[in-house]
Every structure is written in structure tokens, then in C-alpha cells.
Protein chains: 2
Amino acid sequence: MGNPLPRDPIADAQRNWERHGWGDVAAPMAAITAIMRTQQILVARIEGVLKPFGLTFARYELLALLSFARSGALPMNKASALLQVHPTSVTNAVDRLEKAALVVRSPHPTDGRTTLIELTSEGRTLSKRATTALNAEVFGQSGFGDDDVEHLIRILGSFRRDAGDFTDA
Amino acid sequence: MGNPLPRDPIADAQRNWERHGWGDVAAPMAAITAIMRTQQILVARIEGVLKPFGLTFARYELLALLSFARSGALPMNKASALLQVHPTSVTNAVDRLEKAALVVRSPHPTDGRTTLIELTSEGRTLSKRATTALNAEVFGQSGFGDDDVEHLIRILGSFRRDAGDFTDA
DNA sequence: GCAATATACTAGGACATCCAACCGTTTGGA
DNA sequence: TCCAAACGGTTGGATGTCCTAGTATATTGC
């Protein structure tokens, strides 16, 4: 999307904040902006790896989640909660995965409101292949040192807990 | 979008990775997933603060960028490069900001291909008010400790440089 | 000087995300 | 028992992001 800039635009923004008398919040602003940009870079890498499999990140996450469920099936609302996305986003992803024959919808045996999402065997196979690719091409070459990974997990874990994502640990 | 989960879903995913024999990349996977989720939480907070101003994050970023330009004007392509988003995303944002009378498009004096985006006085005022709100309600209460902020800036700065965002420092 | 190439922006399309509203199903209290 | 409230999912709409292609203007090279 472009060549490298001569200067770090986020460091520049931080300097602008300080120059305008907002020095007290300039550093957190820079950290937050850096998280945004890093996420953008990571999504682009991940989507690049998944494209040959005909998957997007959202659909991959759903497949991976199902592949870890004992039965290979989960209620929609459970998937929504675990992936921490809006229920309508799950509806959307399931629609497309179902069209691709990677999952099927089935009624819940006892609760008439609930729909179960179930992995097909093609879905399970594709999930495994995509995970192997991601492990090799993204997670295995994250660009973060071991210490940095530990720092990130700790710092962001605290943040997510404080934000109300979960209650344990 | 939901109540807190009893357990950290990302820590669970990391355990699943280890259980499947991918222990060598489980930690980076968890760190990357945590960045994704953190970004999502932060965007939601920011959009919540900006909504009363009739702004989205994308539009705010453009206004803020313009407000730091000496003349209050920038070429579209410059804005695209500094915000590190696709040119069509800038076109989209400018369309809406222009409709809201917060910016205006004007032709470049010497290069007929280039369009300048210029802040109106309403745009400048709104940008200032929105920034004040974000500083108070988001950046000033980020939930990151001072040390964490420094860690994040350093770790993510390295990452972004290695990813080709910029060349200096 | 003119053709070939590069640059700047926009139009249209595919996806994803969220919100608001709606429709069945289930649950719980009067 | 029965109806209101809660729950689970989908539909429709607004935004944003990217990609591909197309138009117009600049720049380069022969």
C-alpha cells in the first residue's frame, strides 16, 4: 500500500500531542495508535496466507474454534461469545462457510431457539491445513522476540481482563 | 456485546495449540490474537466517545492529521501515506467529511492530478473538541501502566519498522 | 516533441463489523 | 395455567477496508 515513510508517523503524532500541551496523554495515545497499526499489519499478513484456502480471518477463526470443540459443533451464541464478536457477524460467517460446505447448521436437540454449527469433514481438513500454514508463515515468524511475546501476553491480558473480557486468572 | 467469560479464551486457545503439538508457536499466536482483541476493545471505546460528535475513528484521524498540518491542508495521497490506509479509504472518509462541511476539496495549484483536503473552521473546531474528549476519556484512562506504555511503544515500534512502515530511528 | 510510463484520484464490488428491529421459543412469576 | 419478559438468531442498513479497473494529468526517455 506504499513504501516506507522516512519517519515514524506515530512518533510524530506523539510529538504533536506534546507540542500542543497534551504531554500527559501523549504516550498512551502513541501506544494505542501503535496497537491499531500493528493489528492492521497482522491482519494483512494473515489474510494473505489464508487467501489461497479461500478463507478470511473471520471464517478461519470460526473453523478453528469448531475444530477444538470435542464434538466439532457449537451453538451460534457460544461461538459469538468465545470469538467475542457480534452475533450477526457469526451469522454472516456461517452463511458463507455453509455455502462453501465447510460447516452445516443443525437444530439444537432440546432448545428450539438454538442453532448448532457443525464442522464438515472438508471443513476439518481445511482448518488443519490453514492452521499449518499460519503457524509456519505468521506465528512462527511473528517478528516478536520471546521476551516481547511474554510482555505482550501479560500486558494485554491484564488489559482485556480489566476491560471485562473474562474474570479468571 | 456480552458478559465476561469465566475463562480467558485466548489462554484457552494457547493451551489448545500446545495440546496439538504446536507449542513452538503457541505463545506468538496468543500474543497476536491478544493484539487483535485489544484493538477491537480500543476501537469500541474510541467510537463511543466520538459518536456524540458525529465522527467515526477513521474520520477523526483524518481531521486530526489535517489539524497538525501547518496550512490545515494536505494532498489526498499524503494523507493516505501518513494514515497508512488505502487511497480509496481516504476518498471515502473525505466524501463524508465534505458532506458534513468539515473539510473541502480544492485543486492543487501546480499539479492537476492532485486534490488538496482542507479543514474548514468547523472542522478545526470539531477536531479540537473531539481530541479533548478522547484525551480525557480514552488516552488518559488507557488502563496501561506507564511501564506498559513504554514497553508497547518500544515493542510495536520495532515491529512496525521491521514490517516496512518507516525507516528512521 | 511525442509516445510510453508513472502518478493521483475515483467508481464499483467483495467482506466484515456493528446496531436496531423483528420473529419464534423458552422461562418464570402471578 | 398463562402471559410477559428474556433469549437466540436473522434481516436490513450504515461504515470502513481493501482490490481491480478506469480516467486524467505529469514525467521520462528516445
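Just so it is clear: chains get the letters A, B, ... in the order the sequence lines come, proteins before strands, and each one is counted from 1. As a basis for the values below, the full set of heavy atoms in this structure was taken, side chains included, without hydrogen atoms, waters or symmetry mates.
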Please state how far atom [atom1] in [X] lies from atom [atom2] in [N], giving the value in whole angstrom units.
X        : N      : atom1 : atom2 : result
B/Glu61  : D/dT15 : CD    : P     : 18 Å
A/Gln39  : C/dT17 : CD    : P     : 11 Å
A/Asn3   : C/dA8  : CG    : P     : 11 Å
A/Ile46  : D/dT17 : CD1   : P     : 19 Å
A/Leu83  : D/dG9  : CG    : P     : 13 Å
A/Gln84  : C/dA16 : CD    : P     : 19 Å
B/Asp95  : C/dC9  : CG    : P     : 13 Å
A/Leu116 : D/dG8  : CG    : P     : 13 Å

Answer yes or no: does a side-chain N or O of [X] lie under 4.0 Å from OP1 or OP2 of [N]?
X        : N      : result
B/His108 : C/dA8  : no
A/Asn77  : D/dG9  : yes
A/Arg113 : C/dT27 : no
B/Arg96  : D/dA14 : no
B/Thr91  : C/dT10 : yes

Contact class for [X] (heavy atom, under 4.0 Å): base, sugar-phosphate, or nothing?
X        : answer
B/Thr56  : sugar-phosphate
A/Asn92  : base
A/Thr114 : sugar-phosphate

Determine, for A/Asp165 against B/Arg37, whether the closest basic-nitrogen to carboxylate-oxygen distance falls under 4.0 angstrom. yes
*asked:* Testing the basics here: between A/Val49 and A/Pro52, what is the closest heavy-atom pair and its distance to 0.1 Å?
replied: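 What the structure gives for the nearest pair is O-CD, 3.1 Å.
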Original post:
Of A/Ala93 and B/Lys51, whose nearest nucleotide on DNA chain C comes first from the 5' end?
Top reply: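 Of the two residues, A/Ala93 wins.
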Walking DNA chain C from its 5' end, the first of A/Leu55 and A/Asp111 to be reached, judged by nearest nucleotide, is A/Leu55
Taking atom types as modelled and ignoring hydrogens, do the side chains of B/Thr131 and B/Tyr60 form a donor-acceptor contact shorter than 3.5 angstrom? yes
message: Donor-acceptor pair, distance only, cut-off 3.5 Å: does the side chain of B/Thr38 make one with the backbone of B/Ala34?
response: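 Such a contact is found between B/Thr38 side chain and B/Ala34 backbone.
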Nearest-nucleotide check on DNA chain D, A/Pro75 vs B/Ala58; residue mapping nearer the 5' end is A/Pro75
Taking the ring centre of each residue, are A/His151 and A/Phe144 less than 6.0 Å apart? no
- Nearest listed nucleotide, side chain of B/Thr115, among D/dT10, C/dT17, C/dC9: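 Selected nucleotide: C/dC9.
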Practice problem: Classify the side chain of B/Thr88 versus the base of D/dC19 as yes if they form a donor-acceptor pair under 3.5 Å and no if they do not. | Solution: yes
